[in-house]
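This report refers to the structure that appears directly beneath it.
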Amino acid sequence: MNSTATARIQRSSVSKSRSVVSAPNLRVVTSPAPSRGLFFVIGLCIAIFFTALVMCFSLNTLMVKGAYDVKEIKLELSGVQAREETLMGQVVELSTPVQLAKSASDLGMVPAESLSHIDLEAGTASALDGE
């Protein structure tokens with residue numbers, strides 16, 4: 001047998017063993033274009049991460065600055081309180097009866113010889129000692 005006869009026998013045996021099913025309206029479809037949304041989402045996530053990181057650092061810096069401001073104000077407050085205590089001590093010292101009498105005599109004041117009372121509603125003046 002020659003090679004053409006052998007090829008015909010093989011083709012006829014192959015075609016008999018398989019049945020050909022016709023597929024209606026089949027066509028080749030191209031694959032969809034790769035989505036560019038993934039890169040956008042990754043970029044957005046990176047931008048959000050770095051924004052949060054910058055906000056965290058700036059908030060931390062503001063809190064440290066606030067702590068230093070509070071410390072300075074507390075130091076100033078303690079200085080003002082010490083000054084107030086000193087002034088209150090001086091007021092108490094100058095308010096004693098002996099110190100008031102001495103200050104009055106230094107100003108040229110003399111003690112009153114009799115005490116009087118003025119009633120503004122009645123428009124009268126009266127002595128308290130009954131004089």
Side-chain angles (χ1 to χ4, degrees):
M1 281 197 195
N2 64 14
S3 63
T4 50
T6 309
R8 280 186 205 159
I9 294 172
Q10 287 178 353
R11 276 191 225 152
S12 64
S13 66
V14 170
S15 61
K16 290 180 185 175
S17 65
R18 297 189 292 175
S19 62
V20 176
V21 177
S22 63
N25 298 328
L26 291 181
R27 58 188 167 99
V28 177
V29 180
T30 59
S31 65
S35 176
R36 294 178 191 248
L38 178 66
F39 294 117
F40 175 74
V41 170
I42 290 173
L44 183 65
C45 288
I46 289 172
I48 289 172
F49 173 75
F50 282 116
T51 302
L53 193 64
V54 167
M55 292 297 289
C56 180
F57 287 145
S58 63
L59 182 62
N60 188 21
T61 303
L62 289 174
M63 288 175 53
V64 168
K65 183 183 178 298
Y68 281 120
D69 290 344
V70 167
K71 182 180 176 183
E72 288 176 10
I73 290 172
K74 282 184 179 181
L75 287 173
E76 184 179 343
L77 178 65
S78 66
V80 168
Q81 286 175 339
R83 176 81 173 135
E84 180 189 17
E85 288 178 11
T86 303
L87 292 175
M88 286 300 282
Q90 290 175 356
V91 166
V92 168
E93 183 182 322
L94 294 173
S95 296
T96 60
V98 173
Q99 188 64 33
L100 285 174
K102 181 179 179 270
S103 296
S105 66
D106 289 345
L107 290 173
M109 299 173 91
V110 292
E113 300 201 6
S114 67
L115 298 175
S116 300
H117 177 72
I118 300 174
D119 188 2
L120 294 177
E121 290 178 9
T124 60
S126 61
L128 292 178
D129 293 328
E131 299 174 3

Spacing of [atom1] belonging to [X] relative to [atom2] belonging to [Y], to within rounding of 0.5 Å:
X: Arg27; Y: Asn25; atom1: CZ; atom2: CG; result: 9.0 Å
X: Gln90; Y: Ser95; atom1: CD; atom2: OG; result: 11.0 Å
X: Asp106; Y: Gln99; atom1: CG; atom2: CD; result: 8.5 Å
X: Ser126; Y: Leu115; atom1: OG; atom2: CG; result: 11.0 Å
X: Leu77; Y: Glu72; atom1: CG; atom2: CD; result: 13.5 Å
X: Leu44; Y: Thr51; atom1: CG; atom2: OG1; result: 9.0 Å

Original post:
Within a reach of under 6.0 Å around CD1 of Ile118, are more than 12 heavy atoms found that belong to other residues, nucleotides or ligands?
Top reply: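 No, the 6.0 Å shell around CD1 holds no more than 12 heavy atoms from other groups.
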
Would [X] end up clustered with [Y] when hydrophobic side chains under 4.5 Å apart are linked, directly or stepwise?
X: Ile42; Y: Leu53; answer: yes
X: Ile46; Y: Val41; answer: no
X: Phe49; Y: Phe57; answer: yes

**OP:** Give the minimum heavy-atom separation between Leu100 and Leu94, together with the two atoms involved.
**Re:**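 Between these two residues, the closest heavy atoms are CD2-O, 3.7 Å.
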
Original post:
Are the side chain of Thr86 and the backbone N or O of Ala82 linked by a donor-acceptor pair below 3.5 Å?
Top reply: yes

Subject >> Residues that Asp69 engages under salt bridge (charged side-chain N to carboxylate O under 4.0 Å, His left out), provided they are two or more places apart >> reply: Lys65

Subject >> Arg83 vs Leu87 side-chain heavy atoms within contact, under 4.5 Å >> reply: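 With C-beta onward as the side chain, the pair touches.
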
